[in-house]
Amino acid sequence: MREKTKAQKLLNEQMIENLETIYANANCTNCPSEWFFPENVRGKMPIYPGSNLHCAFATCNACKVKTECFNFAKDHDCVGVWGGRLFTFAGISKLNKYGDIT
């Protein structure tokens, strides 16, 4: 395994510090992590009321640090629900009302 450079360590520390600042003011601090990292089932994400994804979006949409969270995820290539949007390895996804990823 390759040793991290000093610059990489500082970047990781800065990322963690930034995320902790956002997380301290976020609505999701006591929510289950599976809400924000949903399982993709054959190209579909279940989005019906009560589903993990629906709960994540509802939590994010009422959050005062939604924009900061979204920007953090966009800047750091995060995956999952961040700032009320679903980030995938392919980028920021849109879901239609049937849960199809577009």
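Along the sequence shown, residues carry numbers from 1. Excluded from the calculations below are hydrogen atoms, water molecules and symmetry mates; all remaining heavy atoms, backbone and side chain alike, are included.
- The two residues Asn61 and Lys66 make their nearest non-hydrogen contact at OD1-NZ, 2.8 Å.
- Considering CD of Glu17 and CG of Asn12, their distance stands at 13.0 Å, rounded to 0.5 Å.
- Side-chain contact between Glu13 and Ile16 is absent, with no heavy atoms from C-beta onward closer than 4.5 Å.
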Name each donor-acceptor pair under 3.5 Å that joins a side chain in residues 25-33 to protein atoms two or more places apart or in another chain, with its distance.
unit_1: Asn25; atom_1: ND2; unit_2: Thr21; atom_2: O; d: 3.2
unit_1: Asn27; atom_1: ND2; unit_2: Thr59; atom_2: O; d: 3.3
unit_1: Asn27; atom_1: ND2; unit_2: Ala62; atom_2: O; d: 2.9

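- A chain of hydrophobic side-chain contacts below 4.5 Å, direct or via other Ile, Leu, Val, Met, Phe, Trp or Tyr residues, connects Phe37 to Phe72.
- The heavy-atom pair separating Glu68 from Ile22 by the smallest distance is O-CD1, 3.6 Å.
- Scored by the ring-ring contact (aromatic ring centres under 6.0 Å, His included) test, Phe36 finds no partners at all (sequence neighbours excluded).
- Shown here for Cys69 and Gly83, the closest heavy-atom pair between the two residues is SG-N, 3.4 Å.
- Heavy-atom minimum distance, Trp35 versus Val81: O-CG2, 4.4 Å.
- In this pair, Phe87 and Phe70 present their aromatic rings tilted. The plane angle is within the 30 to 60° band.
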